[in-house]
Amino acid sequence: SWGARQALDRARQEEMERLGVTPEMLEAAREIGLTLEQSMDGLRATQESLGTLQRIARRLDAENTELYAKATQAVTDGDDTMARKYLLERTAIEE
């Protein structure tokens with residue numbers, strides 16, 4: 001009921017006063033909580049971005065390794081044109 005809710009609010013207020021907690025302190029704590037929550041959201045977004053960048057880096061590294069192997073094989077086969085093509089592709093990936 002409304003009266004019970006009001007009594008509970010009054011009891012909470014009295015307990016806060018007894019503990020020396022002011023309304024300003026409560027508001028500051030709420031603001032800190034909100035800031036912390038926003039910081040955690042930012043951290044999660046940063047972690048997701050890092051994971052994405054790491055996956056891209058691994059894929060590019062694998063492509064780089066594959067192109068080097070193809071260039072090496074092309075040289076072994078005497079196909080300098082293809083070797084140059086693979087090495088140019090590899091250079092583009094490294095940039």
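For the atom pair NZ of Lys70 and OG1 of Thr65, the computed distance is 12.5 Å after rounding to the nearest 0.5 Å. Taken from CD in Gln73 to CE in Met82, the straight-line distance is 11.5 Å, to the nearest 0.5 Å.
With Ile56 as the fixed residue, the side chain to side chain contact (heavy atoms under 4.5 Å, CB included) test singles out one of Arg59, Gln54, Arg58: Arg59.
When all heavy atoms of Ala74 and Ala83 are compared, the closest pair comes out as CB-N, 3.6 Å.
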Identify all side-chain donor-acceptor contacts of residues 87-95 below 3.5 Å with residues at least two apart in sequence or on another chain.
{"unit_1": "Glu89", "atom_1": "OE2", "unit_2": "Lys85", "atom_2": "NZ", "d": "2.6"}
{"unit_1": "Arg90", "atom_1": "NE", "unit_2": "Asn64", "atom_2": "OD1", "d": "2.4"}
{"unit_1": "Thr91", "atom_1": "OG1", "unit_2": "Leu87", "atom_2": "O", "d": "2.9"}
{"unit_1": "Glu94", "atom_1": "OE2", "unit_2": "Asn64", "atom_2": "ND2", "d": "3.3"}

Could you go through residues 29-41 and list every donor-acceptor pair under 3.5 Å that involves a side-chain atom there, pairing it with any protein atom two or more places apart or in another chain?
{"unit_1": "Thr35", "atom_1": "OG1", "unit_2": "Glu31", "atom_2": "O", "d": "2.9"}
{"unit_1": "Ser39", "atom_1": "OG", "unit_2": "Thr35", "atom_2": "O", "d": "3.0"}
{"unit_1": "Asp41", "atom_1": "OD1", "unit_2": "Arg44", "atom_2": "NH2", "d": "2.5"}

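Residue pairs meeting the side chain to side chain donor-acceptor pair (under 3.5 Å) criterion with at least one partner in residues 16-25, sequence neighbours excluded, are Gln13-Glu17, Glu15-Arg18, Thr22-Glu24.
In terms of hydrophobic clustering, with Ile, Leu, Val, Met, Phe, Trp and Tyr side chains grouped at heavy-atom distances under 4.5 Å, Leu19 and Leu26 are assigned to a common cluster.
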